[in-house]
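Have a look at the structure below before the remarks.
Note that ligands are numbered from 1 as they come in the structure, with each ligand's atoms numbered from 1 the same way. Just so it is clear, the values below take in all heavy atoms, side chains as well, and ignore hydrogens, waters and symmetry mates.
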Amino acid sequence: MAIGYKQMTSAEMEQSGRRPPVKFPSSELDELKNRPLERLGQGSFGVVFKGSIPENNRWGLPTQEIAIKVNTGTKKIIEFNMERCILESIEHPNIIKLVGFADDDNRLCLVYEYMRRGTLKINISDLCWPKTLQILRDMASVICHLHQQDPPIIFRDLKSENILMDENFDPKLSDFGLAKRGKEGLKCGGTEGSSDVTAIYGSATPLCDIYSIGILILELLAKKVFKDRGKLLAWVKGKALVKGKVRNVKSVIRKNLLTSGCTVKNARRAIKLGLQCASYKNDDRPKMHFICKELSKLGVMRSLTSCFLNFVDLFTIG
Ligand SMILES: Nc1ncnc2c1ncn2[C@@H]1O[C@H](COP(=O)(O)OP(=O)(O)OP(=O)(O)O)[C@@H](O)[C@H]1O
């Protein structure tokens, strides 16, 4: 394997109660794809198909729906290895689970748990304030966890397309192919607009992920996904700032967040945090612990709290 850091052995995984990902023969993965073929999407690595693990299968896996990502075009071995290594060695409730993989006959495939609701990007306009807060806290917690590894893992490509949602709209981070662990990983990675330039052009540090968290916060508050995300920052600043201070909150934050429990005070605080994280200068960006603390202080207006105990309300109110 090209990546030189320690992976958990199968025995260590089983001891910790985790099942190591299964190595599938690639020909058998074809049999696991749903018929007629169901394409879930396509990214730079390849095409993603929906499939399922049948009952009483030979791998002893539980019956479940899966997503099978098949490398097409250029062989992306570095991304494949990085994805495998990280997903095999790191566990977090908000990180996608790798069910298995195939790397024979010149074919690279990755098999994941199926995420019924698709990407955060396609769900963004329906989210109410409590769900928005939960997603931001969960993602901050994942990034914090990645940065605490030795050596730290820099995700480099945090954006709403890489956050998948399960049936309860709980978010999981996916797509670790462009991540960097210590010196391992592709030299360049990330996405223009949601990643900072140092992530894209080579010298990634944990501060790159903090920049992306800032963009994610602002995107979730404004519920606007600009084709060119670089424009989001200028848009928020143009609308919200007066003499450098966050003032016109209501012109940035989507109304349904205010009607689902976000106070103007909390909206102001959240916009400020987003802008701070996405500061141009590295040194002006806050530390991960500060971000987690700030997000934990943002609450739901008390009079609305009881409505949100019900999950359906939690997602749709507003
Ligand atoms: N585990 C999954 N469950 C359900 N759908 C998935 C899953 N993984 C991927 N998809 C779908 O497939 C699409 C393509 O995913 P993929 O990770 O290959 O690309 P991307 O992140 O959109 O692009 P890129 O990798 O180029 O940044 C996603 O947008 C999503 O809709």
Would you mind finding which of Lys159, Glu161, Met115 brings a heavy atom closest to atom 4 (C) of ligand 1? Met115
Considering residues, nucleotides and ligands other than Lys272, do more than 12 of their heavy atoms fall under 6.0 Å from its NZ? no
Atoms of ligand 1 close to Gly43 [distance to a heavy atom under 4.0 angstrom, numbered from 1]: 18 (O), 19 (O), 23 (O), 26 (O)
Between Lys75 and Asp103, does at least one N-O distance fall below 4.0 Å, as a salt bridge requires? no
Any heavy atom of Phe45 sitting closer than 4.0 Å to ligand 1? no
Counting heavy atoms only, name the option from Glu113, Glu83, Gln42, Lys69 that's nearest to atom 17 (O) of ligand 1. Lys69
Any ion pair linking Arg181 and Glu83 (charged N to carboxylate O, less than 4.0 Å)? no
List the closest protein heavy-atom neighbour of atom 31 (O) of ligand 1: residue, atom name, distance to the nearest 0.1 Å. Leu40 O, 3.6 Å
Proximal ligand 1 atoms for Ala67, defined as those under 4.0 Å from one of its heavy atoms: 1 (N), 2 (C), 3 (N), 7 (C)
Under 4.0 Å, counting heavy atoms only: does Lys121 come that close to any atom of ligand 1? no
Audit row: Phe176, Phe155, ring pair (Phe, Tyr, Trp, His ring centres under 6.0 Å) steps and yes/no: CA-CA 7 Å; Phe176 285 76; Phe155 184 69; 4.9 Å; yes
Check the orientation of His92 and His145. Use parallel for under 30°, tilted for 30 to 60°, and perpendicular for over 60°. tilted
Looking at Glu294 and Arg269, does any basic side-chain N land under 4.0 Å from a carboxylate oxygen? yes
Which of Ile291, Leu273, Ile213, Leu295 passes side-chain contact (heavy atoms from CB on, under 4.5 Å) with Leu136? Answer is Leu295
Distance under 4.0 Å to a non-hydrogen atom of Asn162: what atoms of ligand 1 satisfy this? 21 (O)
Looking only at distance, does Tyr112 have an N or O less than 3.5 Å from an N or O of ligand 1? no
One thing to verify: whether Glu219 and Lys121 come together as a salt bridge, which I'm taking to mean a side-chain N less than 4.0 angstrom from a carboxylate O. no
Tyr114 N/O under 3.5 Å from ligand 1 N/O: no
So does Glu167 pair up with Arg117, basic N to acidic O under 4.0 Å? no
Within 45° cone of Tyr114 ring axis and under 6.0 Å: Lys50 NZ or CZ: yes
Atom 9 (C) of ligand 1 sits nearest the protein heavy atom Val48 CG1, 3.8 Å
For ligand 1, which atoms, with element, lie under 4.0 Å from some heavy atom of Leu164? 1 (N), 2 (C), 7 (C), 8 (N)
Tell me the protein heavy atom at minimum distance from atom 13 (C) of ligand 1, and give that distance in Å. Gly41 CA, 3.7 Å
Just to confirm my output: which protein heavy-atom neighbour is closest to atom 25 (O) of ligand 1, and how far is it? Asp175 OD2, 3.1 Å
Quick one: which ligand 1 atoms are inside 4.0 Å of a heavy atom on Ser44? 24 (P), 25 (O), 26 (O)
If you have a sec, work out which protein heavy atom is nearest atom 28 (C) of ligand 1 and how many Å separate them, to one decimal? Thr119 CG2, 4.1 Å
